[in-house]
2 protein chains.
Amino acid sequence: MRADARKNYERLLTVASAVVTEEGAGASLRDIARRAEVGLGTVQRHFPTREALLEALLRTGFDQLTAEAAELEGAGPAGDALRTWLRAFVACATDYQGVIASMVAAIEDPDSALHASCVAMRAAGARLLARAQADGVARTDIDGTDLYALAGALAWAGDQPALAARADHLFDVIADAVLTR
Amino acid sequence: MRADARKNYERLLTVASAVVTEEGAGASLRDIARRAEVGLGTVQRHFPTREALLEALLRTGFDQLTAEAAELEGAGPAGDALRTWLRAFVACATDYQGVIASMVAAIEDPDSALHASCVAMRAAGARLLARAQADGVARTDIDGTDLYALAGALAWAGDQPALAARADHLFDVIADAVLTR
DNA sequence: ACCTGAACACCGTTCAAGT
DNA sequence: ACCTGAACACCGTTCAAGT
């Protein structure tokens with residue numbers, strides 16, 4: 001990448017992070033271009049779709065979640081591992097308001113820039129779930145997609161201003177549903 | 001209301017129901033006006049906000065839910081009553097894709113056209129929950145807002161094409177979390 | 001190579017002008 | 001009273017023209 005292009009890319013990512021934090025996943029791309037002092041076309045070329053931009057914004061979080069899953073897969077009680085990772089996943093999805101809908105849709109859309117990451121997230125959760133099920137501490141009638149859906153539902157609730165205050169409590173209720181106490 | 005105004009109102013409601021069923025709660029009001037063969041301003045006066053339109057569309061369902069809650073409040077096992085009503089509530093909220101976000105936001109917005117109905121829905125659920133808790137068949141650490149949030153989360157999941165197929169299963173998982181088995 | 005910004009087809013809101 | 005539709009300020013996408 002040319003030096004000026006890289007500079008634009010990085011500036012866009014910084015600005016986009018701020019704008020999407022403020023306005024949510026549906027933030028105006030025009031507004032991002034303006035605040036980055038860049039042409040509208042420049043946003044489009046660096047990020048051909050909105051998903052591509054969200055993927056770049058979520059990149060770091062996804063990588064951390066992957067690493068955390070790997071650590072947790074062999075360590076400690078299986079129930080605690082699943083609970084801990086699930087909490088981290090929901091927290092990551094809640095970083096940017098409204099991003100969870102794209103993350104859920106991406107699972108079934110191979111063309112989405114978020115597809116690979118989201119499939120990986122589901123797989124990581126599924127591995128932790130399988131261990132918990134094998135240890136007899138998790139419901140056996142749910143699979144990785146159910147778990148992903150429940151985490152998505154929690155992230156959605158956390159996105160709603162009227163519900164955000166009970167997000168932690170709702171997490172406990174749903175975690176109790178998954179993990180047999 | 002004048003005869004021609006009433007005719008427009010009813011035509012708009014019919015068309016809006018079709019369009020919102022197809023496109024979801026964010027459907028273009030301009031499109032609704034066009035398909036109803038009515039000026040754009042006519043839509044705005046009959047329904048000053050999008051919430052007002054959604055309220056009119058959901059009216060029948062809300063009334064049915066209120067009646068159903070009244071019937072269920074005194075009849076049969078408290079756990080079954082809550083489960084049955086919750087299922088009906090989620091089904092109603094899923095009639096129009098994306099409407100659940102407005103229904104959740106309306107709880108905290110007294111100015112929303114959906115406010116009164118949604119507060120009433122929460123209250124109806126809370127009464128059924130309280131009876132189930134009194135009978136020892138429901139978690140005692142949740143209240144009407146938590147229940148509303150969980151129902152909302154389920155409706156959200158049902159709205160996502162990637163998750164719709166497991167909506168019933170997810171309902172069972174969350175119902176099990178609320179209702180002690 | 002990369003960037004810019006005008007052109008285009010949308011959107012919701014507002015409101016002057018008509019019937 | 002009620003309706004219409006133009007005016008306005010937005011949006012995302014596309015792409016010809018510049019550097």
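Here the structure is a predicted model, which means the values were calculated and not measured. Side-chain atoms are counted along with the backbone in the values below, which use heavy atoms only and exclude waters and symmetry mates. Chain identifiers are assigned alphabetically (A, B, ...) following the order of the sequence lines, protein sequences preceding nucleic acid strands; residue numbering begins at 1 within each chain.
Residue pairs that meet the side-chain hydrogen bond (donor to acceptor under 3.5 Å, both in side chains) test with at least one member in residues 21-41 of chain B, sequence neighbours left out, are B:Glu22-B:Arg35. Sorted by first then second residue, the ring-ring contact (aromatic ring centres under 6.0 Å, His included) pairs that include residues 56-82 of chain A, not counting sequence neighbours, number zero.
Between B:Asp4 and A:Gly26, the residue anchored closer to the 5' end of DNA chain D is B:Asp4, taking for each the nucleotide with the nearest heavy atom.
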TODO: Determine which bases of DNA chain C form Watson-Crick or G-U wobble pairs with both distances under 3.5 Å, and write the result as a 5' to 3' dot-bracket string with | for other-strand partners.
DONE: ||.|||||...|||||.||
Pick out the pairs of N or O atoms, protein on one side and nucleotides 17-19 of chain C on the other, that lie under 3.5 Å.
none

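Residues meeting the ring pair (Phe, Tyr, Trp, His ring centres under 6.0 Å) test with A:Tyr148, sequence neighbours left out: A:Phe89. In this view, A:His46 and A:Tyr9 satisfy the ring pair (Phe, Tyr, Trp, His ring centres under 6.0 Å) rule, not counting sequence neighbours. Residues satisfying the side-chain contact (heavy atoms from CB on, under 4.5 Å) criterion with A:Ala52, sequence neighbours excluded, are A:Phe47, A:Pro48, A:Thr49, A:Ala113. Residues passing the salt bridge (Lys or Arg N to Asp or Glu O under 4.0 Å) test with B:Arg166 are A:Asp143, A:Asp146, sequence neighbours excluded. For the salt bridge (Lys or Arg N to Asp or Glu O under 4.0 Å) test, no residue two or more places apart in sequence or in another chain qualifies with A:Glu68. Take A:Asp141 and apply the salt bridge (Lys or Arg N to Asp or Glu O under 4.0 Å) test, not counting sequence neighbours, and it matches A:Arg139. Partners of B:Asp4 under the salt bridge (Lys or Arg N to Asp or Glu O under 4.0 Å) rule, at least two apart in sequence or in another chain, are B:Arg2.
Looking at heavy-atom distances under 4.0 Å, B:Ala27 makes contact with sugar-phosphate atoms alone, never a base.
Looking at heavy atoms from C-beta onward, B:Val38 lies out of side-chain contact with B:Val15 at the 4.5 angstrom threshold.
Separating the CD atom in B:Glu51 from the CG atom in B:Leu54 is a distance of 6.5 Å, to the nearest 0.5 Å.
To the nearest angstrom, C1' of C:dT13 lies 16 Å from CG of B:Leu53. Following rounding to the nearest Å, A:Arg6 (CZ) and C:dC3 (P) show an atom-to-atom distance of 12 Å. Rounded to whole Å, atom C1' of C:dA1 lies 18 Å from atom OH of A:Tyr9. Rounded to an integer number of Å, the gap from NZ of B:Lys7 to C1' of D:dA1 is 16 Å. Straight-line distance from the CZ atom of A:Arg50 to the C1' atom of D:dG12: 8 Å, rounded to whole Å. The distance between atom CD of B:Glu51 and atom C1' of C:dG12, rounded to the nearest whole Å, is 13 Å. The CG atom of A:Leu29 sits 17 Å away from the P atom of C:dG5 (whole-angstrom rounding).
Taking the side chain of A:Ser28 as heavy atoms from C-beta on, and the options D:dG12, C:dG12, D:dC3, the nearest nucleotide is D:dG12.
Distances shorter than 4.0 Å separate none of the side-chain N or O atoms of A:His46 from OP1 or OP2 on C:dC2. Between C:dC2 and A:Asn8, no contact under 4.0 Å exists linking OP1 or OP2 to a side-chain N or O.
Residues from residues 30-45 of chain A with heavy atoms under 4.0 angstrom of DNA chain C, sorted by number: A:Arg30, A:Val38, A:Gly39, A:Leu40, A:Gly41, A:Thr42, A:Arg45.
Cluster annotation: A:Val19 and A:Leu40 are assigned to distinct hydrophobic clusters (Ile/Leu/Val/Met/Phe/Trp/Tyr, side-chain heavy-atom contacts under 4.5 Å, transitive).
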